[in-house]
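Report on the structure given below.
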Amino acid sequence: MENNYDIIVVGAGHAGCEAAVAPARMGHQVLLITMNLTLVAQMSCNPAIGGIAKGQIVREIDALGGMTGIVTDHTMIQFRMLNRSKGPAMWSPRAQCDKTAFTIYWRHILEGIPNLHLRQDTVTELLLDNNTVTGVKTQLGRVIHAKRVILTNGTFLNGRIHVGEVNFSGGRIGESASFVLSDQLKECGIRTQKLKTGTPVRIDGRTVDFSKMEEQEGEVNPGHFSFSHTPNLHRQLSCWITYTNDEVHQVLHKGFEKSPMFQGRIQGVGPRYCPSIEDKIVRFAERTRHQLFLEPEGRNTNEYYLNGFSSSLPEEIQVEAMHLIPGLERAEIYRPGYAIEYDYFDPTQLHYTLESKVIRNLYLAGQVNGTTGYEEAACQGLMAGINAHLSLTDKEPLILTRSQAYIGVLIDDLVTKGVEDPYRMFTSRAEYRILLRQDNADYRLTPIGHQLGLIDNERYEEFLHKYEIQQQIAEYLRRHATQFQTLNELLVKRGTPSLTQNVKLENVLLRPQISIQDIIDYDTDFAQFLSQIGADAEQIINAETYIKYNSYIQKEEELVQHLSNLDNIKLPVDMDYSNIQSLSKEAREKLSKLKPVNLGQASRVSGVSPADITALMIVLRN
């Protein structure tokens, strides 16, 4: 029986799967330990991947060589591109997935990697030697050694489930929680706190009256998450929209006296941006209704997820209120909604690599760092796995900046600011979101993935060819003029001034009313050129985005260059901020606690003012 590995990953959720696959593909012997191997990458909440900003993260994971996008493309049952009415920086892909197929496909990937070993067991203790992790001990009595350990325990650490006045231990409903491990880390000096999340009722679709709901179909031409060759989506399933009303709210109010949230039985802080239905009707008391989405959980099941109706109220209250919602008057449930309270670790005690500052060679990823969402977890797992690999090979760590990726924004936010409630990514968190579009994630990150060995040569050559085509399209539009008579009919139709002389096609495309498809339709030479170079729809649209937003892109790149100077000014690890009297008291306290690695990170700490940064620069200069 093997007792020695390079890396042990604890937990096979979305973070754990990515954390295990990456270093195994790069040549290390990896052991992935999880309580239940039939539930790897389980979609505990809604059966969807992507969404606003989350879709960008999945594309970044894929561009680096991660697997979440590939699994999604193989198991999706509906695809939509959100925010199309806004600029391309806001476009975010989202897919409904077949929940069971998603888990099965992930299991297929895990079992197909020779260096990746699987074990169904529960880790109860870390093996430590002088604040350095050397392995784990399991519930079944195995002592297993490793050079690096990655914890991705999700909501299982001291997890407790609440439904009304009923509560019991559990990591998910029907699954046991993990104890002892969290207490051990606390004793080692890792700060532990509690968060709360929740999930809604699951409904039997055979008992739903869909005629009373608004159908939400997928896109006519569904896209992909992966930049590799994945299957096209056929036969999409619809989601359905309905609403709560005053009667629903009144029934929910009846259950407040037995609510674990309002009666203080739940101490953890819930997600600010995905609140329970009882929280919503209190916080937004002026609203007479809230939108709900009924989402299918797969092709071969009648189970539906009622998105927007998360609750920990007593089951009878949940059902009574649900029966007052249009279309759900006779709905039967497979299980009630519930809240789960769990331990997480203060992420400001992590390095940018996601290695613990307290225990050497220990990495933390996913919800144990205070985040919420499959996508946020998966990208942390990927980065922890990559950095564990790099540390074993004595190479420089991979630290993505805020201008490189949403992943960089997320990790910087966690280690610099910490969390007060479950962290969820939004486009508004990224100050360089024009640079961090979903369409150019491969341009930003695929060279890094190729250098790491996670992107093979064939895929990298295809990537280079893709951007060569896009550059040719942009160059053609810059150099070639159009006969103004050809386009004037179109310009008048679009409500924009007609031309009096020939102009470059690029200048025509810069008009907001004109799309590249318009030029293709009206300029036969351009259409013929695209056919000759074999340009596909994605390359054409990406070229259009680059031209239309080039001036904004250049301005953001200049801003990045200006602000990156602060990130290049390193701060000594042993700097004694308490003795720098020119700093404010708050800055001294927060900088002493965080120990930022550079001035850029210090400048992003809440409570550290520009005057404090100037004072630090003077200290460093002296």
Side-chain angles (χ1 to χ4, degrees), residues 8-11 13 15-16 19 33 35 44 122-128 131-133 136-137 139 149-162 167-172 175-198 260-261 264-272 339-373 376-377 380-381 384 410-411 413-424 589-590 592-595 606:
I8 292 175
V9 178
V10 182
I33 304 178
M35 292 180 179
S44 311
T122 300
V123 170
T124 56
E125 184 181 343
L126 295 180
L127 303 179
L128 299 174
N131 277 344
T132 301
V133 68
V136 302
K137 186 174 182 179
Q139 190 177 60
V149 173
I150 305 174
L151 296 183
T152 66
N153 302 74
T155 60
F156 282 76
L157 294 176
N158 289 335
R160 192 154 200 86
I161 292 171
H162 296 263
N167 66 85
F168 49 90
S169 64
R172 283 188 292 248
E175 298 177 67
S176 62
S178 174
F179 302 100
V180 183
L181 185 58
S182 183
D183 296 332
Q184 182 192 14
L185 294 176
K186 191 184 303 182
E187 291 173 4
C188 291
I190 292 181
R191 291 188 291 271
T192 306
Q193 299 175 60
K194 286 196 175 294
L195 288 176
K196 182 212 83 165
T197 189
M261 183 174 71
R265 289 189 293 277
I266 293 179
Q267 301 299 317
V269 180
R272 178 189 302 267
I340 180 167
E341 193 174 27
Y342 58 94
D343 286 352
Y344 82 99
F345 306 120
D346 182 359
T348 64
Q349 290 184 298
L350 297 174
H351 297 291
Y352 275 106
T353 59
L354 298 181
E355 182 184 7
S356 171
K357 294 178 180 178
V358 180
I359 301 175
R360 289 184 293 276
N361 299 339
L362 176 67
Y363 294 76
L364 305 175
Q367 284 183 279
V368 292
N369 289 337
T371 61
T372 182
E376 290 88 343
Q380 291 175 71
L410 182 147
I411 293 176
D413 281 351
L414 291 179
V415 304
T416 301
K417 302 173 183 177
V419 299
E420 294 181 355
D421 49 70
Y423 180 98
R424 178 181 178 179
E589 290 176 354
K590 291 191 172 180
S592 295
K593 179 180 177 182
L594 181 65
K595 296 288 185 183
S606 176

*Side-chain contact, heavy-atom cut-off 4.5 Å: V136 with L181?*
no
_Close side-chain approach of F168 to I161, heavy-atom, < 4.5 Å_ = yes
*asked:* Test of understanding: with salt bridge (Lys or Arg N to Asp or Glu O under 4.0 Å), list the residues that count as partners of R191, not counting sequence neighbours.
replied: D346
*Do the side chain of T152 and the main chain of V10 share a donor and acceptor less than 3.5 angstrom apart?*
yes
_Under a 3.5 Å threshold, yes or no: a donor from one side chain and an acceptor from the other, between N153 and S178?_
no
_Side chains of Y423 and P347, heavy atoms from C-beta outward: is any pair under 4.5 Å?_
no
*Closest heavy-atom pair and its distance - K357, K595*: NZ-O, 4.2 Å
*Applying side-chain contact (heavy atoms from CB on, under 4.5 Å), name anything that partners S44, two or more places apart in sequence or on another chain.*
Q42, R172
_Partners meeting side-chain contact (heavy atoms from CB on, under 4.5 Å) with V358 (sequence neighbours left out)_ = I190, Q349, S356
*Rounded distance [0.5 Å steps], CG in L128 versus CD1 in I359*: 5.0 Å
*Does a side-chain heavy-atom distance below 4.5 Å link V149 with Y363?*
no
*Might you point out which heavy atoms bring T155 and Y342 nearest each other, and give the distance in Å?*
O-CB, 3.4 Å
*If you measure from CG on N131 to CG on N361, what distance do you get to the nearest 0.5 Å?*
11.5 Å
*Give the minimum heavy-atom separation between T348 and K417, together with the two atoms involved.*
CG2-C, 4.1 Å
*Does the side chain of F156 come within less than 4.5 Å of T122's, by heavy atoms?*
no
*Measuring from E187:CD to S182:OG, what's the distance to the nearest 0.5 Å?*
10.0 Å
_As a test of understanding, state which of K186, K196, K194 forms a salt bridge (Lys or Arg N to Asp or Glu O under 4.0 Å) with D343._
K194
*Of I150, L185, T132, which is the lone residue that meets side chain to side chain contact (heavy atoms under 4.5 Å, CB included) with L362?*
L185
*So do L126 and L151 actually touch side chain to side chain, heavy atoms under 4.5 Å?*
yes
Throw together a table of side-chain donor-acceptor distances under 3.5 angstrom for residues 364-372, partners on residues two or more places apart or in other chains.
from : atom 1 : to   : atom 2 : distance (Å)
N369 : ND2    : L364 : O      : 2.9
N369 : ND2    : Q380 : OE1    : 2.9
T371 : OG1    : G366 : O      : 3.2
T371 : OG1    : Q380 : NE2    : 3.0

*Just wondering, are more than 12 heavy atoms of other shown residues or ligands nearer than 6.0 Å to CD in E420?*
no
*Tell me, please, which residues at least two apart from N167 pass side-chain contact (heavy atoms from CB on, under 4.5 Å).*
R160, H162
*Partners passing side-chain hydrogen bond (donor to acceptor under 3.5 Å, both in side chains) against K137 (at least two apart in sequence or in another chain)*: none
